[in-house]
Asker: 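Here you go, one structure.
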Protein chains: 2
Amino acid sequence: MKQQRNTKQRQLVLDAVRARCDHPSADQIYLDVRAIDDKISRGTVYRNLNFLAQNGELLHVKVSNADRFDCRLDFHYHLLCTECGAVCDVPLSYHAELDQQLAAKTGYVIERHRTVFEGRCPGCQHKSEHS
Amino acid sequence: MKQQRNTKQRQLVLDAVRARCDHPSADQIYLDVRAIDDKISRGTVYRNLNFLAQNGELLHVKVSNADRFDCRLDFHYHLLCTECGAVCDVPLSYHAELDQQLAAKTGYVIERHRTVFEGRCPGCQHKSEHS
DNA sequence: TTGTTTGCAAACCATTTGCAGAATG
DNA sequence: CATTCTGCAAATGGTTTGCAAACAA
């Protein structure tokens with residue numbers, strides 16, 4: 001479940017995610033990595049993002065349209081501005097007890113839950129104050 | 001924000017979502033409606049699902065890949081079986097206070113949050129007991 | 001009649017995949 | 001040397017869109 005090789009492309013992808021404080025989409029990572037290695041292909045970036053997320057080296061954040069990736073590995077919630085699309089981490093703690101409650105009630109084996117808050121960021125609120 | 005016409009296609013789409021207790025994808029709705037009106041097009045189904053969700057007549061549930069729709073209109077959480085893809089409602093209440101807490105902490109105007117629990121349903125647990 | 005909606009097909013976008021060749025351990 | 005990984009390009013899956021004809025108000 002963890003046999004792997006250290007290719008420079010894999011490392012570039014991982015570094016690129018770690019170098020960003022926002023939650024980049026696969027394509028943003030592609031562009032970042034592309035700026036360093038102009039021969040790397042989209043396929044390789046996608047493959048490596050999935051590989052790294054599966055091996056627990058990255059977190060996969062599923063937000064509406066394009067998937068995002070995060071180098072913070074602990075479970076946490078995200079906040080999406082529905083206007084500009086920005087994604088940031090939420091300063092609230094993960095409620096693991098919900099997983100347990102739900103498991104007890106349903107018979108499911110619960111692995112986790114994902115929560116995305118939706119709203120408008122301060123910047124976007126100002127933008128449309130007058131429009 | 002609500003000027004609309006009552007077309008039989010729109011009604012068929014709405015009825016189709018209401019007729020299901022699971023959380024159908026757009027394509028499932030298309031197939032259901034198609035069984036009644038074999039001339040309706042995918043485009044029309046997608047357009048109407050979006051229209052109805054925007055007008056508050058349906059709830060848009062965003063789960064990993066394909067979007068789902070729900071005729072329950074109150075905010076509630078969902079449970080996804082990561083193996084068979086089934087989606088069901090969660091018997092836990094919506095925590096509106098989280099929205100307020102987050103708004104106070106971040107300055108965002110929070111409209112809501114979406115939570116999807118991920119796990120394996122009892123059926124899928126049994127399936128792979130031996131494999 | 002006027003503006004909305006439909007059907008169709010093509011376009012889109014993000015992502016995945018098949019394959020032959022390159023690189024890793 | 002055996003395998004894993006890459007680049008490329010084509011394929012996929014879900015969804016959106018442009019347009020002319022059909023239709024509701």
Side-chain angles (χ1 to χ4, degrees), chain A residues 1-17 22-55 57-70 80 82 85 87 116, chain B residues 1-17 23-55 57-70 80 82 84-85 87 116:
Chain A
M1 197 249 207
K2 223 162 198 295
Q3 37 66 44
Q4 64 180 260
R5 290 182 179 179
N6 286 342
T7 62
K8 70 173 187 315
Q9 289 93 334
R10 184 114 80 210
Q11 194 58 48
L12 280 173
V13 168
L14 184 52
D15 290 346
V17 178
D22 58 347
H23 299 69
S25 66
D27 214 63
Q28 287 176 301
I29 293 299
Y30 168 69
L31 292 175
D32 285 2
V33 172
R34 187 78 189 204
I36 300 171
D37 172 358
D38 66 347
K39 291 193 225 37
I40 199 170
S41 70
R42 271 199 174 71
T44 298
V45 171
Y46 278 93
R47 267 185 296 236
N48 278 319
L49 285 171
N50 288 340
F51 181 95
L52 292 165
Q54 241 179 307
N55 280 46
E57 299 184 70
L58 289 179
L59 202 64
H60 203 149
V61 183
K62 297 178 181 179
V63 175
S64 56
N65 295 324
D67 285 1
R68 310 295 189 100
F69 293 87
D70 193 339
L80 166 72
T82 52
V87 175
V116 179
Chain B
M1 197 252 211
K2 226 165 197 298
Q3 39 67 41
Q4 64 180 263
R5 293 184 177 177
N6 287 341
T7 62
K8 66 174 192 312
Q9 290 91 337
R10 184 115 79 208
Q11 194 58 50
L12 280 172
V13 168
L14 185 51
D15 291 346
V17 178
H23 298 71
S25 66
D27 215 63
Q28 287 175 300
I29 293 299
Y30 168 70
L31 293 174
D32 286 0
V33 172
R34 187 80 189 203
I36 300 170
D37 172 358
D38 66 347
K39 290 193 228 34
I40 198 170
S41 70
R42 270 199 175 72
T44 298
V45 171
Y46 278 92
R47 267 186 296 236
N48 278 319
L49 285 171
N50 288 340
F51 181 95
L52 292 166
Q54 240 179 309
N55 280 43
E57 299 184 70
L58 289 179
L59 202 64
H60 204 147
V61 183
K62 297 178 181 179
V63 176
S64 55
N65 294 326
D67 285 2
R68 309 296 188 98
F69 293 88
D70 193 339
L80 165 72
T82 51
C84 67
V87 175
V116 178

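Basis for what follows: all heavy atoms, side chains included, without hydrogens, waters or symmetry-related copies. Note on naming: letters A, B, ... go to the chains in the order of the sequence lines (proteins, then strands), and numbering restarts at 1 for each one.
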Asker: When you measure from the side chain of A/T7, which nucleotide among D/dT3, C/dT4, D/dT6 comes out closest?
Answerer: D/dT6
Asker: Between B/F69 and B/H23, is the gap from one ring center to the other below 6.0 Å?
Answerer: no
Asker: Specify the separation, in whole Å, of atom CG of B/L49 and atom P of D/dT15.
Answerer: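 That distance rounds to 9 Å.
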Asker: Indicate, with a heavy-atom threshold strictly under 4.0 Å, whether A/N6 touches base, sugar-phosphate, or nothing.
Answerer: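 The residue A/N6 makes sugar-phosphate contact but no base contact.
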Asker: Which whole-number value in Å describes the distance from B/D37 CG to C/dT6 P?
Answerer: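 Going from B/D37 (CG) to C/dT6 (P), I get 11 Å.
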Asker: At what distance, to the nearest 0.5 angstrom, does CG of B/D70 lie from CG of B/L59?
Answerer: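 Those atoms lie 5.5 Å apart.
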Asker: Between A/S41 and B/D27, which residue's closest nucleotide on DNA chain D lies nearer the 5′ terminus?
Answerer: A/S41
Asker: Say you draw a straight line from CG of A/D27 to CZ of A/R42; how long is it, rounded to the nearest 0.5 Å?
Answerer: 4.5 Å
Asker: Sort me out a list of protein N/O and nucleotides 16-22 of chain C N/O pairs below 3.5 Å, or just none if empty.
Answerer:
from: C/dT16; atom 1: OP2; to: A/N50; atom 2: ND2; distance (Å): 2.9
from: C/dG18; atom 1: O6; to: A/R47; atom 2: NH1; distance (Å): 3.3

Asker: Calculate, to the nearest 0.5 Å, the distance between atoms CG and CG belonging to B/N48 and B/L58 respectively.
Answerer: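 Going from CG on B/N48 over to CG on B/L58, the span is 10.0 Å.
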Asker: Could you tell me how far apart A/Q11 (CD) and D/dT6 (P) are, to the nearest whole angstrom?
Answerer: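 Whole-Å distance recorded here is 12 Å.
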Asker: Determine, step by step, whether B/Q9 and B/V33 satisfy the side chain to side chain contact (heavy atoms under 4.5 Å, CB included) criterion, reporting the C-alpha distance in whole Å, the side-chain angles of both residues, the deciding distance to 0.1 Å, and the verdict.
Answerer: CA-CA 8 Å; B/Q9 290 91 337; B/V33 172; over 6 Å; no
Asker: Could you name each residue pair satisfying salt bridge (Lys or Arg N to Asp or Glu O under 4.0 Å) that touches residues 29-38 of chain A, not counting sequence neighbours?
Answerer: A/R20-A/D32
Asker: Can you find a side chain N or O atom of B/N48 that sits less than 4.0 Å from OP1 or OP2 on C/dT6?
Answerer: yes
Asker: Quickly work out the A/Q4 CD to C/dT24 C1' distance and round it to whole Å.
Answerer: 12 Å
Asker: Could you tell me the separation between the CG atom of A/L31 and the P atom of C/dA14, rounded to a whole number of Å?
Answerer: 11 Å
Asker: From CD of A/Q9 over to P of C/dT24, roughly how many Å is that when rounded to an integer?
Answerer: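 Taking atom P of C/dT24 as the reference, CD of A/Q9 is at 8 Å.
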Asker: Could you tell me the separation between the OG atom of B/S25 and the CG atom of B/L31, rounded to the nearest 0.5 Å?
Answerer: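 So the OG of B/S25 and the CG of B/L31 are separated by 8.0 Å.
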Asker: Specify the separation, in whole Å, of atom OH of A/Y30 and atom P of D/dT6.
Answerer: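 Taking OH of A/Y30 and P of D/dT6, I get 14 Å after rounding.
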Asker: Expressed as a whole number of angstroms, how long is the span from A/R68:CZ to C/dT15:C1'?
Answerer: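 From A/R68 CZ to C/dT15 C1': 15 Å.
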